[in-house]
Amino acid sequence: MNQNDTIIALATASGAGAIAIIRLSGNDAISIASKLFKSIHQKDLTKQVTHSIHLGHIMDGNRTIDEVLVSLFKNPKSYTGENVVEISCHGSVYIQQEILQLFLRNGCRMADAGEFTLRAFLNGKLDLSQAEAVADLISSDNEASHQIAMQQMRGGFSSEIAKLREELLNFASLIELELDFAEEDVEFADRTQFRDLVERISFVLKRLIDSFAVGNVIKNGIPVAIVGEPNVGKSTLLNALLNEERAIVSEIAGTTRDTIEDEISIGGIGFRFIDTAGIRDTKDVVESIGIKKTFEKIEQAQVVIYLFSSEEFKVQSSKFKVELEKIKNKYPLKPLIVIANKIDKVDDVLLANMQKEIPDIHLLSAKTGLGVEELTNKLLNLINTGALRNNETIITNTRHYDALLKALEEIQKVKYGLDSGISGDLMAIDIREALYQFGLITGNVTNDELLGNIFANFCIGK
Ligand SMILES: Nc1nc2c(c(=O)[nH]1)N(C=O)[C@@H](CNc1ccc(C(=O)N[C@@H](CCC(=O)O)C(=O)O)cc1)CN2
Ligand SMILES: Nc1nc2c(ncn2[C@@H]2O[C@H](COP(=O)(O)OP(=O)(O)OP(=O)(O)O)[C@@H](O)[C@H]2O)c(=O)[nH]1
């Protein structure tokens with residue numbers, strides 16, 4: 001990966017569209033573009049100011065490939081910090097390819113995955129966690145994951161870490177200075193202040209580490225297993241949940257869906273519904289395989305919905321209760337919502353009966369929508385969205401989580417060292433290690449392998 005090359009890639013999605021953007025970045029981006037672009041006003045691209053847009057044609061010799069708009073961004077004022085040229089062409093795949101090929105023949109090379117953002121990082125435009133947030137932002141598909149990625153990209157998380165890192169670095173220097181004056185037995189680093197800082201750092205680290213549970217759930221969606229026999233109304237329920245959410249987001253054009261997807265966004269959080277069969281007692285081999293699958297799916301889920309039809313309650317109540325007991329015994333800690341569906345079909349006596357026989361039952365009619373809103377509230381209450389509402393930093397990245405855990409471990413050692421009056425040189429080692437972990441998050445410490453791993457997961461052109 002040569003940093004001096006001028007790289008090129010399609011910035012928009014592959015395939016035909018109204019307009020496509022091809023982006024170049026590198027020292028020679030503007031000079032290469034100026035040779036292949038003919039401005040309608042005969043302007044020389046190399047003499048234009050940064051952040052200017054120019055209309056003209058991309059020319060392969062005498063052949064006009066397309067009428068385009070070219071945007072200029074001059075080093076260091078661009079996304080990557082290098083010279084950047086963007087060509088907005090007509091979105092035909094043929095035109096896109098012709099322009100790409102033309103530029104490749106004229107001194108550009110194809111960008112690797114994430115290479116634009118890698119360069120932005122290497123040129124100090126973004127720190128590492130901000131660069132990682134760019135990828136999260138692109139893949140965000142609901143309000144919550146979007147909010148977290150946006151906050152991280154703007155630097156909320158990294159500035160928090162960077163600030164702690166700096167304060168800790170100050171103390172590390174003072175303590176290391178003390179080591180140089182070991183004979184004189186001086187203390188440059190005020191131990192009370194240092195203890196305060198260490199307390200503060202562990203507090204922040206613990207909060208960030210705790211936020212990962214929420215962050216993970218938000219990023220990946222919450223798997224919900226729906227256990228229920230055929231025909232109890234699972235699809236109708238999913239539809240009803242979808243409609244409820246549509247009502248909340250008030251009919252935004254283009255959000256209608258033809259098919260029910262497994263993932264439904266409720267209150268900005270993705271819920272992945274996993275359809276399963278019932279778990280009745282059986283000697284039938286085929287059925288018992290199905291039941292084993294149901295348990296496997298419950299295993300993967302974070303929430304279980306047990307759905308049955310009120311209509312069938314009269315005759316089947318004992319079967320339901322046995323199934324429920326089985327789930328509760330096997331997964332005592334897993335949140336379970338028991339839903340009696342089709343309550344529009346039964347009378348009040350039966351409703352009262354059901355409520356008496358099965359505690360905490362959720363009455364619902366997927367068909368009429370009765371009880372659906374309460375169900376969405378119940379689902380949202382199961383996860384702690386407080387941090388999200390309060391705009392606190394939430395971490396979603398396993399790499400950050402690992403580094404924070406290790407940093408906390410080191411900080412605890414430092415704390416212990418302070419308590420037991422351990423010598424400065426030993427403390428300095430733990431502080432350095434904590435600093436190293438902070439540096440891994442912000443990118444103050446990197447290596448090729450780390451960068452390779454991170455940016456390889458980006459798309460080409462980003
Ligand atoms: N056409 C286009 N749209 C895009 C991008 C892009 O590169 N091109 N982006 C990227 O993927 C995002 C926007 N991010 C950007 C961030 C910084 C700069 C930029 O020119 N920064 C300069 C100048 C700032 C200024 O105006 O003062 C700088 O930071 O110095 C451009 C885009 C999303 N939309
Ligand atoms: N009256 C009434 N009918 C309902 C209700 N919910 C679902 N139904 C009806 O019950 C039938 C089965 O509903 P589905 O949603 O297809 O049931 P399912 O559990 O997805 O069925 P499988 O795909 O076989 O697992 C349909 O005719 C629905 O219209 C309800 O709350 N009240």
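As the structure is a prediction and not an experimental result, all values here were calculated from the model. Along the sequence shown, residues carry numbers from 1. Both counts, for ligands and for their atoms, begin at 1 and track the order of listing.
Scanning all protein heavy atoms for the shortest distance to atom 32 (C) of ligand 1 gives Y79 CB, 4.3 Å. Closest protein heavy atom to atom 24 (O) of ligand 2: N231 N, 3.3 Å. In this structure, the protein non-hydrogen atom closest to atom 23 (O) of ligand 2 is S235 OG, 4.2 Å. At the top of the distance list for atom 5 (C) of ligand 2, counting protein heavy atoms only, stands K342 CG, 3.5 Å. Nearest protein heavy-atom neighbour of atom 28 (C) of ligand 1: K125 NZ, 3.2 Å. Of the protein's non-hydrogen atoms, the one nearest atom 6 (N) of ligand 2 is N341 ND2, 3.1 Å. D344 OD2, 2.8 Å is the protein heavy atom nearest to atom 1 (N) of ligand 2. Looking only at protein heavy atoms, the nearest one to atom 5 (C) of ligand 1 is R23 NH1, 4.4 Å. Of the protein's non-hydrogen atoms, the one nearest atom 19 (O) of ligand 2 is K234 N, 2.8 Å. Remark: minimum distance from atom 29 (O) of ligand 2 to any protein heavy atom is reached at K367 NZ, 4.2 Å. With respect to atom 17 (O) of ligand 2, the closest heavy atom belonging to the protein is G233 N, 3.1 Å.
A cation-pi geometry, defined here as NZ or CZ lying under 6.0 Å from the six-membered ring centre and within 45° of its normal, does not hold between K314 and F320.
An N or O contact shorter than 3.5 Å is missing between K345 and ligand 2 by distance. Between T368 and ligand 2, no N or O atom pair is found at a separation short of 3.5 Å. Residue contacts with ligand 2: A366 is placed with a nitrogen or oxygen under 3.5 Å of a nitrogen or oxygen of the ligand (distance criterion only). Close N/O approach between L237 and ligand 2 is not found [any backbone or side-chain N/O within under 3.5 Å].
Contacts between P76 and ligand 1 below 4.0 angstrom, taking non-hydrogen atoms only, involve the backbone exclusively.
In the displayed structure, Y436 atom OH is contacted under 6.0 Å by at most 12 heavy atoms of other residues, nucleotides or ligands. The 12-atom threshold is exceeded at NZ of K328, counting heavy atoms of other residues, nucleotides or ligands nearer than 6.0 Å.
Under a 4.0 Å N-O distance rule, the pair D44/K47 qualifies as a salt bridge. The pair E374-K378 fails the salt-bridge criterion, with no side-chain N (NZ, NE, NH1 or NH2) lying under 4.0 Å from an Asp/Glu carboxylate O.
Counting only distance, with no hydrogens or angles, the side chain of T12 and the backbone of I21 share a donor-acceptor pair below 3.5 Å. Judged by distance alone, the side chain of K462 and the main-chain N or O of A135 form no donor-acceptor pair under 3.5 Å. Using a distance-only test at 3.5 Å, with no hydrogens or angles considered, no donor-acceptor pair links the side chain of K342 to the main chain of E312.
Distance check on atom 8 (N) of ligand 1: some protein heavy atom falls below the 4.0 Å cut-off. By the definition of a contact as any protein heavy atom under 4.0 Å away, atom 12 (C) of ligand 1 is not in contact. At a distance under 4.0 Å, no protein heavy atom can be found next to atom 26 (C) of ligand 2. In this structure, atom 3 (N) of ligand 1 is not in close contact with the protein, since no protein heavy atom lies within 4.0 Å of it. For atom 21 (O) of ligand 2, a protein heavy-atom neighbour is present inside the 4.0 Å cut-off. Of the protein's heavy atoms, at least one falls inside 4.0 Å of atom 18 (C) of ligand 1.
Near F73, meaning under 4.0 Å from any of its heavy atoms, are these atoms of ligand 1: 20 (O). Every atom of ligand 1 with a heavy atom of H51 under 4.0 Å away is listed here by number and element: 19 (C), 20 (O), 23 (C), 26 (O). Listed by number with element, the atoms of ligand 2 under 4.0 angstrom from any heavy atom of T236 are 6 (N), 7 (C), 13 (O), 14 (P), 15 (O), 28 (C).
Between E67 and I58, every side-chain heavy-atom pair lies at or beyond the 4.5 Å cut-off.
Under the 6.0 Å cut-off for aromatic ring centres, H51 and F73 qualify, their centroids lying closer than that. Side-chain rings of H400 and F157 approach one another, their centers coming within less than 6.0 Å. Ring centroids of Y79 and F116 are separated by 6.0 Å or more, keeping the two rings apart.
Of the listed residues (K462, K77, M153, E86), the one carrying the non-hydrogen atom nearest atom 22 (C) of ligand 1 is K77.
Side-chain polar atoms of T442 and D127 form no donor-acceptor pair below 3.5 angstrom.
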For R109 and E115, what are the C-alpha separation, side-chain angles and deciding distance, and is it a salt bridge (charged side-chain N to carboxylate O under 4.0 Å, His left out)? CA-CA 12 Å; R109 83 158 155 81; E115 199 172 1; 2.7 Å; yes
Step-by-step salt bridge (charged side-chain N to carboxylate O under 4.0 Å, His left out) determination, K77 to E82: CA-CA 7 Å; K77 289 195 155 190; E82 304 173 331; over 6 Å; no
